[in-house]
Amino acid sequence: MKTSGVSIFVSDLHLSPDRPATVSLFLDFLAGRAREADQLYLLGDIFDAWIGDDDDGTPNAEVKAALAAVTASGVRCHLMHGNRDFLIGRAFCRETGCRLLRDPTIARFAGEPMLLMHGDLLCTDDVAYQRFRRRIRNPLVQRLFLWRSLAARRKVAADYRRKSGAATAEKTLDIMDVNQETVERYLRRYGAARLIHGHTHRPGDHRVQVDGREAVRSVLAEWHPDRGEMLIHDTSGWRREAVLP
């Protein structure tokens, strides 16, 4: 186990065969900078779609092998489901050495409670999405989907991505962003000093007042072919660092 005191947080890479440069950027990150950390937190939507742990399509095998090498090097890797890869299961974790986190999860850094989420639960103004989320997260619905053939699941996933893109284009940016009252409610419920999440693709650090105390909401960045970003915690505090080719 490493003792560098470094924790790294990333999310929203949306890895897929259509984004080979982003895949390469992430693989280089796993082979390099990520190895310097004690802990690596992957807070959802690492993959643009995950249709089951038996999916052998590109780039899944490469990414799993790279994650397995990271955990074998002594880095503790924590993984949270996103809205695109919530079907990642136990077999994936066995193969990679990653530990699956609940959404939300409390973790402590420098003795302070930090709330980790993917972020979609915070977007409560998007009523249609929240209804859809409850339906597809139903264990029975997931089992029925996973019983289908791999080819059938790939077809469903492609259709979902097409419909999701069309639906997103029709929504306002405000609807797809977090609801402030929902943010405050989660921070209050968990007594957290900081909330770290992705999903909205609006990176930044926001001060939040909760019952007379100040907390911070840190939003992780989406990765692109020519640039990624990580949030880092170490002995000097919190900072952001670019991930470049």
Side-chain angles (χ1 to χ4, degrees), residues 2-48 59-60 62-71 73-85 96 98 101 105 107 109-110 112 114-120 122 173 176-178 183 193-208 215-245:
K2 296 192 175 184
T3 57
S4 66
V6 176
S7 295
I8 295 176
F9 304 80
V10 300
S11 72
D12 297 281
L13 285 87
H14 296 278
L15 301 178
S16 75
D18 300 328
R19 305 185 75 189
T22 309
V23 173
S24 295
L25 184 63
F26 185 56
L27 293 177
D28 289 344
F29 164 74
L30 293 178
R33 186 68 175 89
R35 305 284 183 100
E36 301 171 16
D38 288 344
Q39 302 188 91
L40 173 63
Y41 289 86
L42 308 174
L43 297 187
D45 284 0
I46 304 307
F47 298 93
D48 196 49
N60 300 349
E62 289 178 282
V63 175
K64 286 193 290 185
L67 286 170
V70 167
T71 57
S73 75
V75 179
R76 287 165 285 168
C77 186
H78 310 275
L79 174 69
M80 183 174 285
H81 287 150
N83 55 295
R84 297 297 189 107
D85 53 14
T96 62
C98 293
L101 299 178
T105 282
F109 298 91
E112 291 191 301
M114 306 294 162
L115 182 59
L116 310 180
M117 303 180 71
H118 173 58
D120 55 336
L122 301 169
L173 293 176
M176 293 186 293
D177 202 1
V178 301
V183 168
R194 185 181 294 261
L195 165 60
I196 303 172
H197 72 85
H199 180 66
T200 63
H201 302 177
R202 295 182 175 188
D205 299 289
H206 310 274
R207 303 289 175 179
V208 184
V216 178
R217 179 171 68 91
S218 293
V219 188
L220 302 175
E222 178 188 19
W223 283 39
H224 299 279
D226 61 344
R227 182 184 176 90
E229 187 183 85
M230 52 184 161
L231 179 67
I232 299 173
H233 180 268
D234 59 19
T235 55
S236 64
W238 296 89
R239 70 179 187 278
R240 293 175 184 268
E241 187 175 304
V243 179
L244 302 173

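Computation of the quantities below employed the complete heavy-atom set of this structure, encompassing side-chain atoms and omitting hydrogens, waters and symmetry-equivalent molecules. As the structure is a computational prediction, the values presented were derived from the model and not from experiment.
- Every residue meeting the side-chain contact (heavy atoms from CB on, under 4.5 Å) condition with A193, not counting sequence neighbours, appears here in chain and number order: E112, M114.
- Taking 4.5 Å as the limit, some side-chain heavy atom of L244 sits within range of a side-chain heavy atom of R227.
- R19 pairs by the salt bridge (charged side-chain N to carboxylate O under 4.0 Å, His left out) definition with nothing, not counting sequence neighbours.
- Rounded to the nearest 0.5 Å, atoms CG (D12) and OG1 (T22) are 12.0 Å apart.
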F29 and L40: CA distance, side-chain angles, deciding distance, side chain to side chain contact (heavy atoms under 4.5 Å, CB included) verdict: CA-CA 11 Å; F29 164 74; L40 173 63; 4.0 Å; yes
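- Looking only at side-chain heavy atoms (C-beta outward), W223 and L15 stay at 4.5 Å or farther from each other.
- Every side-chain hydrogen bond (donor to acceptor under 3.5 Å, both in side chains) that N83 has, sequence neighbours left out, goes to H118, H199.
- Note that CG of L42 is 10.5 Å distant from CE of M80, once rounded to the nearest 0.5 Å.
- Taking the side-chain hydrogen bond (donor to acceptor under 3.5 Å, both in side chains) definition, one finds that D205 meets it with S218, R240, sequence neighbours left out.
- Under the salt bridge (charged side-chain N to carboxylate O under 4.0 Å, His left out) criterion, E241 pairs with R33, R239, sequence neighbours left out.
- Residues passing the side-chain contact (heavy atoms from CB on, under 4.5 Å) test with V70 are L30, R35, V75, sequence neighbours excluded.
- When all heavy atoms of H197 and L122 are compared, the pair lying nearest together is CD2-CD1, 3.7 Å.
- Here CG of L116 is found 5.5 Å from CD1 of I196. Values are rounded to the nearest 0.5 Å.
- In terms of the side-chain hydrogen bond (donor to acceptor under 3.5 Å, both in side chains) criterion, D85 has no residue partners (sequence neighbours excluded).
- Qualifying side-chain contact (heavy atoms from CB on, under 4.5 Å) partners for V6, counting only residues two or more places apart in sequence or in other chains: S4, I8, A37, I232, D234.
- With sequence neighbours left out, the salt bridge (charged side-chain N to carboxylate O under 4.0 Å, His left out) criterion links E222 to no other residue.
- With sequence neighbours left out, the side-chain contact (heavy atoms from CB on, under 4.5 Å) criterion links T71 to C77.
- Every residue two or more places apart in sequence or in another chain that forms a ring pair (Phe, Tyr, Trp, His ring centres under 6.0 Å) with F109 is listed here: F9, Y41, H233, W238.
- Across all their heavy atoms, L79 and C98 have their closest contact at CB-CB, 4.3 Å.
- Note: S11 OG to L220 CG = 4.0 Å, rounded to the nearest 0.5 Å.
- With respect to R84 and D45, no salt bridge is recorded, no charged nitrogen being found less than 4.0 Å from a carboxylate O.
- Atom CG of residue L27 and atom CD of residue E62 lie 5.5 Å apart, to the nearest 0.5 angstrom.
- In terms of heavy-atom proximity, V23 sits nearest to S16 at CG2-O, 3.8 Å.
- Distance check, rounded to the nearest 0.5 Å: OG1 of T200 to CZ of R217 gives 6.5 Å.
- Annotation: side chain of M117 is not in contact with side chain of L43 (no heavy-atom distance under 4.5 Å).
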